[in-house]
Amino acid sequence: MLQCIFLLSDSGEVMLEKQLSGHRVDRSICAWFWDQAISQPDPFKQQPVIASPTHYLFQVFREGITFLACTQVEMPPLMAIEFLCRVADVLNDYLGGLNEDLIKDNFVIVYELLDEMIDNGFPLTTEPNILQEMIAPPNIVSKVLSVVTGSSSNVSDTLPVATASLVPWRTADTKYANNEVYVDLVEEMDATINRDGVLVKCEINGEVQVNSHITGLPDLTLSFANPSILDDVRFHPCVRYQPWESNQILSFVPPDGQFKLMSYRIRKLKNTPIYVKPQLTSDGGACRVSILVGIRNDPGKTIDNVTLQFQLPSCILSADLTSNYGIVNILANKTCSWSIGRIPKDKAPSMSGTLVLETGLDRLHVFPTFQVGFRIMGVALSGLQIDKLDLKTVPYRFYKGFRALTRAGEFEVRS
């Protein structure tokens, strides 16, 4: 059972406090948490569960906002983490983003959402479709009416019918003139390449995203041509687990609108679509840099939005870097950003230049790690293929569409 939820800004300010049970949690726990976060910033933010002297803390970090939940009793940690992720997703949908100003401008709606999403410390209603029937999203009209009438509540007077349904994630009596379902495979490639150019790790983290607009209560089945390659699958509550266990078929009654049907991981891939070959030679108080970027395995689709970033070591006084393609920028925090865009077929983009070391240093002893970004529309690099999507129980025809997208996740090349 959760006892309190705090929303903290990136400066440690408590933007919102929601007590969830009769046991009141003092704000001093936030001061303790922030002191720990400052003393060990990077590793601390990666720990979802933290044991303080008085409480167990659960944290989720999104867009500069820390969602912090507290409890003093034993509970499944994944339930708390999943609930905080749901809160962050719902707020992002309602407010059109997540930042400090949006939270402060809409704190009434945030409180109303938390009232409906959790009851006495236990998660209750977390489906966006149902919440939008209960609490109207903020807009200009509602803000004007609240000023004129003096009422700031967006809560509906009637309870949605779906809250008492066996499918609480779906809005009741949905009707469309055109029935359609769109399925997107969205994948991120995480890869690590060592200084010798050897691929140390390469895996895909993917999602099956569905946008459904179908009249009534449809029953869909989605199958893959090669489901055996999937690992670490995670499903939306609408998915029936037994058909997947028996035949690797996704059988579900979809929520209305856009939602994430499942997520998955595919490990031990052998190739990456692009290569990055950095060469750094250092002597005489300077370091010469040469970086070559090109297509390693042509996926058959255009590779665009290619970027390369790296942090200049603190011992660098100045840098003079140029490229034969794209734009090179060196930011105030010593981050070098090379925007390539689309890799041309007639030449390989390259960047070269010189880094000047601080006085007294003859050679560079700390070498940067290069962060690579790219996007490929129309292909899933994991090789996952959708076989078919069928609609049961409803006699009418519907339109279905499929798309794929692969982009870089944590793709790094060490030098």
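Basis for what follows: all heavy atoms, side chains included, without hydrogens, waters or symmetry-related copies.
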query = Does some side-chain heavy atom of D219 sit less than 4.5 Å from a side-chain heavy atom of L391?
reply = no
Derivation and outcome, ring pair (Phe, Tyr, Trp, His ring centres under 6.0 Å), residues F61 and F67: CA-CA 6 Å; F61 186 76; F67 295 80; 9.3 Å; no
Q: Go through the steps to decide whether F402 and L185 satisfy the test side-chain contact (heavy atoms from CB on, under 4.5 Å), and finish with yes or no.
A: CA-CA 8 Å; F402 306 98; L185 293 180; over 6 Å; no
Donor-acceptor side-chain pairing of D304 and T302 below 3.5 angstrom = no
Assess whether salt bridge (charged side-chain N to carboxylate O under 4.0 Å, His left out) is satisfied between R27 and E17, documenting all intermediate values. CA-CA 8 Å; R27 280 197 178 193; E17 172 187 343; 2.5 Å; yes
Tell me, with the steps shown, if T307 and F374 meet side-chain contact (heavy atoms from CB on, under 4.5 Å).
CA-CA 6 Å; T307 61; F374 62 83; over 6 Å; no
Minimal heavy-atom distance between P227 and A225, with the atoms involved, is CD-C, 3.6 Å
Here the pair of heavy atoms bringing M1 nearest to V73 is O-CG2, 3.7 Å
*Are the side chains of M189 and P273 in touch, meaning some heavy atoms are under 4.5 Å apart?*
yes
Practice prompt. Answer yes or no: is there a donor N or O on one side and an acceptor on the other, between the side chain of N194 and the main chain of G197, under 3.5 Å?
Written response: yes
Which of F411, F310, W338 passes ring-ring contact (aromatic ring centres under 6.0 Å, His included) with F370? It is F310
| Quick check: does any side chain N or O of K334 sit under 3.5 Å from a backbone N or O of S314, one acting as donor and the other as acceptor? | yes
Quiz prompt | From CA spacing to verdict: side chain to side chain donor-acceptor pair (under 3.5 Å), Y264, E187 | solution = CA-CA 9 Å; Y264 58 87; E187 298 188 339; 2.6 Å; yes
Margin query: Is it the case that the side chain of S415 and the backbone of P368 share a donor-acceptor pair, with hydrogens and angles ignored and the cut-off at 3.5 Å?
Written below: yes
Here the gap from L389 atom CG to S223 atom OG, rounded to the nearest 0.5 Å, amounts to 8.5 Å
Under a 3.5 Å threshold, yes or no: a donor from one side chain and an acceptor from the other, between R240 and S251?
yes
Between the OH atom in Y241 and the CZ atom in F235, the distance rounded to the nearest 0.5 Å is 6.5 Å
**Asked** Is the backbone N or O of V186 less than 3.5 Å from a side-chain atom of D184, with the two atoms forming a donor-acceptor pair by type?
**Response** no
Is there a donor in the side chain of N205 and an acceptor in the side chain of R265, or the other way round, less than 3.5 Å apart?
yes
Here the pair of heavy atoms bringing L20 nearest to C4 is CD1-N, 3.9 Å
Quick one about Q311 and T335 (side-chain donor to acceptor, distance below 3.5 Å, no hydrogens or angles considered), yes or no? yes
When you measure from the side chain of E180 to the backbone of F398, do you find a donor-acceptor pair of N or O atoms at a distance under 3.5 Å? no
Distance col, row N92:CG vs N99:CG, nearest 0.5 angstrom, shows 10.0 Å
Run the side chain to side chain donor-acceptor pair (under 3.5 Å) test on Y176 and D256 for me, step by step, so that the C-alpha distance in whole Å, both residues' side-chain angles and the decisive distance to 0.1 Å come before the verdict. CA-CA 11 Å; Y176 289 101; D256 186 48; 2.8 Å; yes
Between L364 and P313 the two heavy atoms that sit nearest each other are CD1-CG, 4.0 Å
ask   = So with a 6.0 Å cut-off around CZ of R195, is the heavy-atom count from everything else above 12?
value = no
Rounded to the nearest 0.5 angstrom, the NE2-CG distance for H55 and L68 is 10.5 Å
- Message: For a quick check under 3.5 Å, do N179 and T215 share a side-chain donor-acceptor pair by atom type?
- Response: yes
When rounded to the nearest 0.5 Å, the distance separating CD of E188 from CD of E410 is 8.5 Å
Between G257 and H213, the two heavy atoms sitting closest are CA-CE1, 4.1 Å
CG (L95) and CD1 (I103) are apart, to the nearest 0.5 Å, by 5.5 Å
Can you check ring pair (Phe, Tyr, Trp, His ring centres under 6.0 Å) on H236 and F259, steps first, answer last? CA-CA 8 Å; H236 187 278; F259 68 101; 5.3 Å; yes
Sub-3.5 Å donor-acceptor pair from the side chain of K18 to the main-chain atoms of V110, do we have one? no
| field | Ion pair K260/D89, N-O distance below 4.0 Å | value | no
- Query: Are the side chain of T406 and the backbone of L381 linked by a donor-acceptor contact shorter than 3.5 Å?
  - Reply: yes
#### Entry: Polar side-chain atom of Q59 near backbone of Q47 as donor-acceptor pair, under 3.5 Å
yes
### Test: R363 and D283 ion pair at under 4.0 Å
no
task: Starting from the C-alpha separation in whole Å, work towards a yes-or-no answer on side-chain contact (heavy atoms from CB on, under 4.5 Å) for I229 and N226.
output: CA-CA 6 Å; I229 67 174; N226 49 349; 3.6 Å; yes
Worksheet item: Does Y325 reach the main-chain N or O of K347 with its side chain, forming a donor-acceptor pair under 3.5 Å?
Response: no
- Message: Has Y182 got a side-chain atom pairing as donor or acceptor with Q258's backbone, closer than 3.5 angstrom?
- Response: no
Heavy atoms of V253 and C238 approach each other most closely as O-CB, 3.3 Å
- prompt: Where do T322 and V328 land on the side-chain contact (heavy atoms from CB on, under 4.5 Å) test, with the steps shown first?
  reply: CA-CA 7 Å; T322 59; V328 178; over 6 Å; no
